[in-house]
Amino acid sequence: MSELGVALPGRVSEPGACGARRGRVMIARCLRLGWRNTDALITSLVLPIVLMLLFVYLFGGAIHTGSAYKTYVLPGVLVLCAGFGSALTAVRVTEDMSGGVIDRLRTMNVGGTAMLTGHVVASAVRNAVSSALVLGVACAIGFRSGAGLTGWLGAAGLLMLFIVAISALSAVIGMLVRSAEAANGCTFAVLFLPYPSSAFVPIATMPTWIRGFARNQPVTPVIESIRGLLLSHPAGNAPWLAIAWCGGIVVASVAAALVLFQRRAGEG
Amino acid sequence: MTTDAAIEAVGVRKAFGDHQVLRGLDLTVPRGIVFSLLGPNGAGKTTTVRIFSTLSRADGGSVRVAGLDVRTDRQRVRSRISLTGQYTAVDVAQTGEENLQMVGELAGLRRRDARRRAEELLDQFDLTEAAGRRAGTYSGGMRRRLDLAAGLVGRPEVAFLDEPTSGLDLPARQAMWRVISDLAGSGVTIVLTTQYLEEADQLADRVAVLNDGRIIADGRPHVLKQQVGGRRLELTFTTEPAFDSALRILSHRALSRDQHALAISVGTDGDAARVRALLDEIDPDRDRVRSFAVHDASLDAVFLALIQKDSSHV
């Protein structure tokens, strides 16, 4: 009669879904919620394109970088938009942590790992789509890359790593702050980070005091490498620096997020 | 080792900083009943439920839920319980059906089984018509029902409901009561907290009164009522002088009075001889008392009496 136990439909086996399964369910949830948040979706898809057109047509005429400005600026716009889009993860995580949903998920053994996986993967998918859109529009208005397949793949991989890093970092911020407004404020810090870098104008044209920061902040090697890979320029050690920065941010963020999730969710 | 009790808590203590919320809480809840934890705001109801449902750790004492220690067997306890908190835990941007299906898959059901279970619960909780709508468009009562359904997807042995009807209007509250009553007898143990005495009275097989971090009374609702003086004799007088003189004679024995209605109530055990003696005492000429009635004490009165008694000990 050993079949009796299995024959019961809907009987739940202990201890709930396995880790990978939970991660998958959480990814599906975050993607669906992101897709349905129409305002945020439109912002994250349209804003990047508007920003690029703004830079190319409004400022582009006045900025001289030694090459076609749309070619120079595209990597910067890609990184700016990916950073902004990824930073929105903070708002999503804060909303999840402050609602009743988190208690339900925790009593279902959904831990920090599944939570982080869901948000970061959903963010990666969203930003991959918006980056592809930006790239599509860029090609339509005359961006030409001299890169081969390796260059494209390298640039895409690096951009994805950057997206994952900023998403994970934003998840940490989302677990730290108490309100969606505060989380939103933090996304602006990320939005402005690419400005003092080589994203939009060469660093050499900036005031001396800011050059040190602009050269050594994490966004600069990411942009330099993507630019180098897409335009087949030598990028020096920028790709390695970019990988080190992003990898470091991912590792530190994941560790911090897991600790914070335990602490934040365990209080009260 | 499994025990017969759904919950066994012994000497549970919990403090937040200097504030001692639970001061040695003892509680045993048998399996399969609807159990209500009743108490005023700030008595420690939510803290108790959070400890029982593994979301918070006690500072001292022991708690076994579904026969398992919540401290050492946290994961397995979680697979046997569910919690429906005060704040609805459904995603407003997902439809009712998607919410339930997600919870089902997290609970370990296969996709197909999760969908079937979702349909079953939507039907049981009268949400079939709204199944395809986003939960954000639901009324407060519907959202709470969906939330409760989500708590039952994984067929828990013990379902915790923390103030399931707070903030709902009367029709929504009554709909929720019907749903909870229907669950009684289904085998699942329901532990609900409430500050509405009527709710505990309506739903619960057993009630424990929590005040200031301790259980001050525990039993069937009608036994609790008998514990505090049982019934009340309500007397209505013919004239104001008659009312005044009766009040002088009764003095401390008067539990309450209503000058406007010329009514006084006193405690009674309902014994006819004693009621007659009392009437003779205050109305020897039989022209002062117009009418009298014997009422069962409401759980409200029980609750207040218990809390007053408890505070006078401190």
Side-chain angles (χ1 to χ4, degrees), chain A residues 5-41 92 95-111 113-115 117-119 122 261-268, chain B residues 14 16 21 46-47 49-51 53-57 73-95 98-99 101-118 120-121 134 136 143 147 150-151 153-156 160 162:
Chain A
V6 256
L8 284 169
R11 182 71 204 170
V12 172
S13 60
E14 290 182 70
C18 68
R21 181 94 178 276
R22 263 184 229 122
R24 217 191 55 220
V25 176
M26 289 304 286
I27 291 170
R29 165 180 181 266
C30 292
L31 277 174
R32 186 180 285 153
L33 293 183
W35 184 247
R36 296 218 174 136
N37 189 341
T38 325
D39 297 353
L41 189 70
R92 300 278 156 76
E95 282 168 358
D96 262 7
M97 297 296 287
S98 48
V101 176
I102 193 67
D103 285 346
R104 151 101 4 96
L105 294 177
R106 286 185 66 226
T107 55
M108 308 210 66
N109 275 323
V110 172
T113 321
M115 185 85 175
T117 309
H119 281 290
F261 182 87
Q262 274 296 345
R263 221 180 60 198
R264 178 78 196 273
E267 69 194 20
Chain B
K14 176 77 177 176
F16 294 109
V21 181
T46 296
T47 305
V49 165
R50 288 182 69 86
I51 291 172
S53 58
T54 75
L55 290 182
S56 186
R57 278 174 199 269
D73 246 342
R74 189 174 263 232
Q75 305 270 320
R76 280 169 70 206
V77 169
R78 285 179 175 175
S79 69
R80 295 178 185 203
I81 62 162
S82 77
L83 169 67
T84 304
Q86 286 182 38
Y87 307 101
T88 46
V90 294
D91 285 323
V92 290
Q94 296 204 78
T95 68
E98 287 164 346
N99 266 295
Q101 192 168 340
M102 176 187 81
V103 172
E105 287 185 45
L106 286 174
L109 293 179
R110 277 194 298 272
R111 187 178 293 244
R112 204 183 48 236
D113 293 335
R115 191 174 308 134
R116 197 179 310 146
R117 180 77 178 128
E120 207 174 288
L121 284 163
R134 292 187 191 186
R143 223 183 280 189
D147 201 16
V153 169
R155 300 185 193 279
F160 294 97
D162 193 12

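Here is how names work: the chains are called A, B, and so on, in the same order as the sequence lines, proteins then strands, and each is numbered from 1.
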**Request:** Please name the pair of heavy atoms, one in A:V101 and one in B:V90, separated by the smallest distance, quoted to 0.1 Å.
**Result:** CG2-O, 4.0 Å
**Complete:** A:T107 and B:S53 have their tightest heavy-atom pair at CG2-O, 3.8 Å
**Request:** Against chain A, label B:A114 side chain, backbone, both or neither, depending on which of its atoms sit under 4.5 Å from a heavy atom there.
**Result:** neither
**Item:** Proximal component of B:V103, with respect to chain A [non-hydrogen, under 4.5 Å]
**Value:** both
**Message:** Less than 4.5 Å to any heavy atom of chain A: does that hold for the side chain of B:R115, its backbone, both, or neither?
**Reply:** neither
**Derivation and outcome, side-chain contact (heavy atoms from CB on, under 4.5 Å), residues A:D103 and B:R50** = CA-CA 9 Å; A:D103 285 346; B:R50 288 182 69 86; 2.9 Å; yes
**Prompt:** B:A89 and A:R104: which non-hydrogen atoms are nearest, and at how many Å?
**Reply:** O-NH1, 3.4 Å
**Item:** Heavy-atom closest contact (A:M108 atom, B:A107 atom, distance)
**Value:** CE-CB, 3.5 Å
**Asked** For the atom pair CG (B:D91) and CG (A:L105), what is the distance rounded to the nearest 0.5 Å?
**Response** 7.5 Å
**Fill in**
Bottom line for B:T84: the part with an atom under 4.5 Å from chain A's heavy atoms is both
**Test salt bridge (charged side-chain N to carboxylate O under 4.0 Å, His left out) applied to B:E98 - qualifying residues, sequence neighbours left out** = A:R32, A:R36
**Message:** What part of B:R112 gets within 4.5 angstrom of chain A, counting heavy atoms only: side chain, backbone, both, or neither?
**Reply:** neither
**Greatest number of heavy atom pairs closer than 4.5 Å to chain A - which of B:Q94, B:R74, B:R110** = B:Q94
